[in-house]
**Student:** 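Could you have a look at this structure, given as structure tokens, before my questions?
Chain identifiers are assigned alphabetically (A, B, ...) following the order of the sequence lines, protein sequences preceding nucleic acid strands; residue numbering begins at 1 within each chain.
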Amino acid sequence: MSDVIATVARTVHQGTVVSRADFRAFYTWRTWLFGWLVRLLCQVLFYSTVGVLVGDPEYTRYIVLGAAVTVCVAEAMLAVSSTCWDHHGGTMGLLTASPVSPGWFYFGRSLQWPASSVATTSVALLVLPPFFGVQWTWWQVPVLVGLVALTCLSTYCMTLLIASVALVFPEARNVIGNITSSLVIVVSGAMVPVEYWPAPVQWAAQALPVVHGLAAVRLLEAGAPDVAVAARAGWMLLAAVCWLAAALSSFRWIFSRARTDGSLLG
Amino acid sequence: MHALEISGLTRTYRRRGGEEFRALRGLDLDVPRGEVHGLLGPNGAGKTTLCKIVSTVLLPTAGTVRVLGHDVVTDTARVKGRLGIVFGGEKGLYDRLTARQNLTFWASLYGLGRAERRRRVDELLERVGLADRADERAGDFSRGMKQRLHLARGLVADPGVLILDEPTVGMDPVAARDFRALVGELRGRGTTILMTTHDMAEAAALSDRVSLIDRGTLVMTESPAAVGDLVSAYERVDARGVPDRVRETLAGLPGVVSVTSPEEGLTRVETSSPDTTLSVQRALVEARVRDVARSRPDLEEVYLHLVGERGMAVGE
Ligand SMILES: Nc1ncnc2c1ncn2[C@@H]1O[C@H](COP(=O)(O)OP(=O)(O)OP(=O)(O)O)[C@@H](O)[C@H]1O
Ligand SMILES: [Mg+2]
């Protein structure tokens with residue numbers, strides 16, 4: 001058992017080595033700060049002004065929280081692209097031949113995105129909502145950051161499954177990533193409550209970690225009892241575990257299928 | 001038990017449009033432990049396909065492959081742990097990682113502990129001559145340097161069987177020479193090596209035996225020394241600047257099978273016995289022909305003979 005854990009830890013760790021190198025090639029701290037973060041903050045501001053236009057302070061608070069929390073979705077979705085990058089690198093054949101469990105490697109391999117989104121989403125949630133009538137008390141801040149971290153990581157587990165599917169259709173990876181992130185945001189309860197949608201969509205939405213994450217943040221802001229917030233976090237965790245399990249099986253299946261048709265050899 | 005036992009190996013690819021193509025057609029090959037086995041054959045013969053199946057990257061369509069007794073289909077995990085692979089070309093490295101990070105990556109995934117990993121990676125970087133460039137990004141390396149790194153990568157887990165697919169592509173002569181020394185060293189330690197190459201001299205110099213594959217089937221397996229027998233059962237004497245008169249004399253000697261001129265100015269005499277060879281040599285010396293040599297068909301000649309002079313046409 002401890003052997004298995006050590007192997008998984010090593011595999012994830014080596015994934016993060018690739019992940020860090022990619023992140024450094026992608027951003028400097030300046031471009032991350034002034035390019036990426038500022039862009040996301042502007043996006044949240046844009047949606048929040050819609051709330052201001054409507055002229056309902058309660059809806060404004062609703063929308064600023066929704067827009068800020070769902071920042072993590074698009075960023076986690078970048079994992080779809082970074083997973084597919086390896087197609088061109090020719091490393092997938094070598095991974096197939098190695099004793100590694102591909103799912104755990106790919107779990108580590110795109111961790112840069114959820115890591116970055118913990119920062120961007122936290123900043124968006126802590127900095128912007130106070131301008132739109134949301135007041136955080138000091139003790140809420142660590143809880144909030146904790147919820148954000150859990151939401152980012154859980155959403156990432158979901159995108160990993162999508163990334164594994166995109167491996168089969170690498171040309172469509174951007175379309176797959178963009179469409180899923182848009183759909184997720186639309187039904188997540190960011191702009192309109194989940195209850196607005198037909199019952200089957202509402203049910204399906206319960207599988208989305210960000211739905212619970214956002215609900216937990218709203219509960220926290222509304223001063224709901226701790227157990228209510230914790231319950232939502234628990235559901236989110238459960239959803240994340242399920243997504244991760246599905247993603248790991250999917251990667252395993254796709255890599256073993258590739259031995260039949262040679263599809264991952266680039 | 002052989003290191004590699006390949007029998008009836010067939011691999012079919014489905015091409016665009018659904019049409020099937022048989023890249024390997026019932027290939028049989030055994031490679032004993034500790035042997036360096038050269039795999040030759042024209043472009044498209046199926047060498048890379050064979051390497052990929054042996055290294056568990058592809059599944060066979062039919063037939064079996066055993067690596068150190070373990071089946072590549074049913075016992076994949078055991079095969080993976082005992083096998084190193086080097087696919088030629090520039091791909092297969094994490095370009096944004098340094099050479100050291102690339103090696104550490106695979107050492108770690110192959111289960112080496114921290115201290116062992118560090119020692120092994122340092123040793124390999126030194127061995128392939130990349131120690132001074134160890135902390136530079138692999139993506140910035142030249143082709144030959146990438147190839148060295150690939151070679152080191154294939155060795156991280158200290159495999160019992162090493163599959164090398166065109167390992168010296170892009171290497172400069174010095175690197176290629178170092179590579180040969182390395183293969184010699186590995187052979188000395190009992191590593192079994194299956195190596196494809198288009199370099200006949202390399203194949204002849206390194207291999208205990210060579211196999212020629214054409215259109216997915218095995219044409220022959222021989223030691224490089226014995227390979228000449230396949231095209232000529234006779235001894236040969238090559239000489240330059242032989243006057244026509246002498247050529248006629250030679251052709252008349254008992255035991256001379258043929259007198260030909262494979263290229264401008266070169267006379268080749270094939271003889272049926274060592275005694276005849278001696279009389280041919282004597283006759284040439286008496287005629288004051290200086291440039292005389294006994295020769296045997298080399299690997300390249302055999303290759304051309306067996307594969308046929310197909311030129312640029314790729315086998316179907
Ligand atoms: N993924 C694939 N899909 C369809 N056909 C393939 C695929 N890979 C290889 N082939 C075909 O199989 C045949 C054998 O290819 P292979 O790469 O094994 O040849 P090779 O002997 O390594 O050639 P080379 O000397 O050029 O490297 C070729 O005709 C090739 O076109
Ligand atoms: Mg090849």
**Student:** Report, as yes or no, whether the 6.0 Å neighbourhood of atom CZ on B:R78 holds more than 12 heavy atoms from other residues, nucleotides or ligands.
**Tutor:** no
**Student:** Measure distances from B:R117 to the heavy atoms of chain A and classify the residue's part below 4.5 Å as side chain, backbone, both or neither.
**Tutor:** side chain
**Student:** Does any heavy atom of chain A fall under 4.5 Å from the side chain of B:Y13, the backbone, both, or neither of them?
**Tutor:** neither
**Student:** Quick one: closest heavy-atom pair of A:L94 and B:W106, and the distance?
**Tutor:** CB-CH2, 3.6 Å
**Student:** By a 4.5 Å heavy-atom criterion (distance strictly below it), what part of B:T98 contacts chain A: side chain, backbone, both, or neither?
**Tutor:** neither
**Student:** Yes or no on side chain to side chain contact (heavy atoms under 4.5 Å, CB included) for B:T56 and A:R259, after CA distance, side-chain angles and deciding distance?
**Tutor:** CA-CA 8 Å; B:T56 78; A:R259 286 184 70 200; 3.9 Å; yes
**Student:** Applying a criterion of heavy atom separation less than 4.5 Å, what residues of residues 11-18 of chain A form contacts with chain B?
**Tutor:** A:T11, A:Q14, A:V17, A:V18
**Student:** Using a cut-off of under 4.5 Å for heavy-atom pairs, which of B:G111, B:A77, B:P60, B:A157 has the most such pairs with chain A?
**Tutor:** B:G111
**Student:** Can you measure from NZ (B:K91) to CG (A:D86) and round to the nearest 0.5 angstrom?
**Tutor:** 11.5 Å
**Student:** I'd like to know if the side chain of A:R10 reaches the main chain of B:S108, judged simply by a donor and an acceptor atom lying under 3.5 Å from each other, with no hydrogens or angles considered.
**Tutor:** yes
**Student:** Nearest 0.5 Å, what's the CG-CZ distance between B:L97 and A:R20?
**Tutor:** 10.0 Å
**Student:** B:R119: what forms a salt bridge (charged side-chain N to carboxylate O under 4.0 Å, His left out) with it, not counting sequence neighbours?
**Tutor:** B:E123
**Student:** Can you classify the ring geometry of B:F105 versus A:F105 as parallel (below 30°), tilted (30 to 60°) or perpendicular (above 60°)?
**Tutor:** perpendicular
**Student:** If I measure from the heavy atoms of chain A, does B:I163 come under 4.5 Å with its side chain, its backbone, both, or neither?
**Tutor:** neither
**Student:** What part of B:L93 lies closer than 4.5 angstrom to a heavy atom of chain A: side chain, backbone, both or neither?
**Tutor:** backbone
**Student:** Please determine, among A:T7, A:V100, A:T260, A:D261, the option with the most heavy-atom pairs under 4.5 Å with chain B.
**Tutor:** A:T260
**Student:** What is the minimum heavy-atom distance between A:S98 and B:Y110, and which atoms define it?
**Tutor:** CA-OH, 3.4 Å
**Student:** Return the option, out of A:S101, A:P99, A:A21, with the maximum number of heavy-atom pairs under 4.5 Å with chain B.
**Tutor:** A:P99
**Student:** Considering only heavy atoms, which portion of A:D22 lies under 4.5 Å from any heavy atom of chain B: side chain, backbone, both, or neither?
**Tutor:** both
**Student:** By a 4.5 Å heavy-atom criterion (distance strictly below it), what part of A:A258 contacts chain B: side chain, backbone, both, or neither?
**Tutor:** backbone
**Student:** At their closest point, which heavy atom of B:V57 faces which heavy atom of A:A97, and how far apart are they?
**Tutor:** CG2-CB, 3.7 Å
**Student:** Considering residues, nucleotides and ligands other than A:R257, do more than 12 of their heavy atoms fall under 6.0 Å from its CZ?
**Tutor:** yes
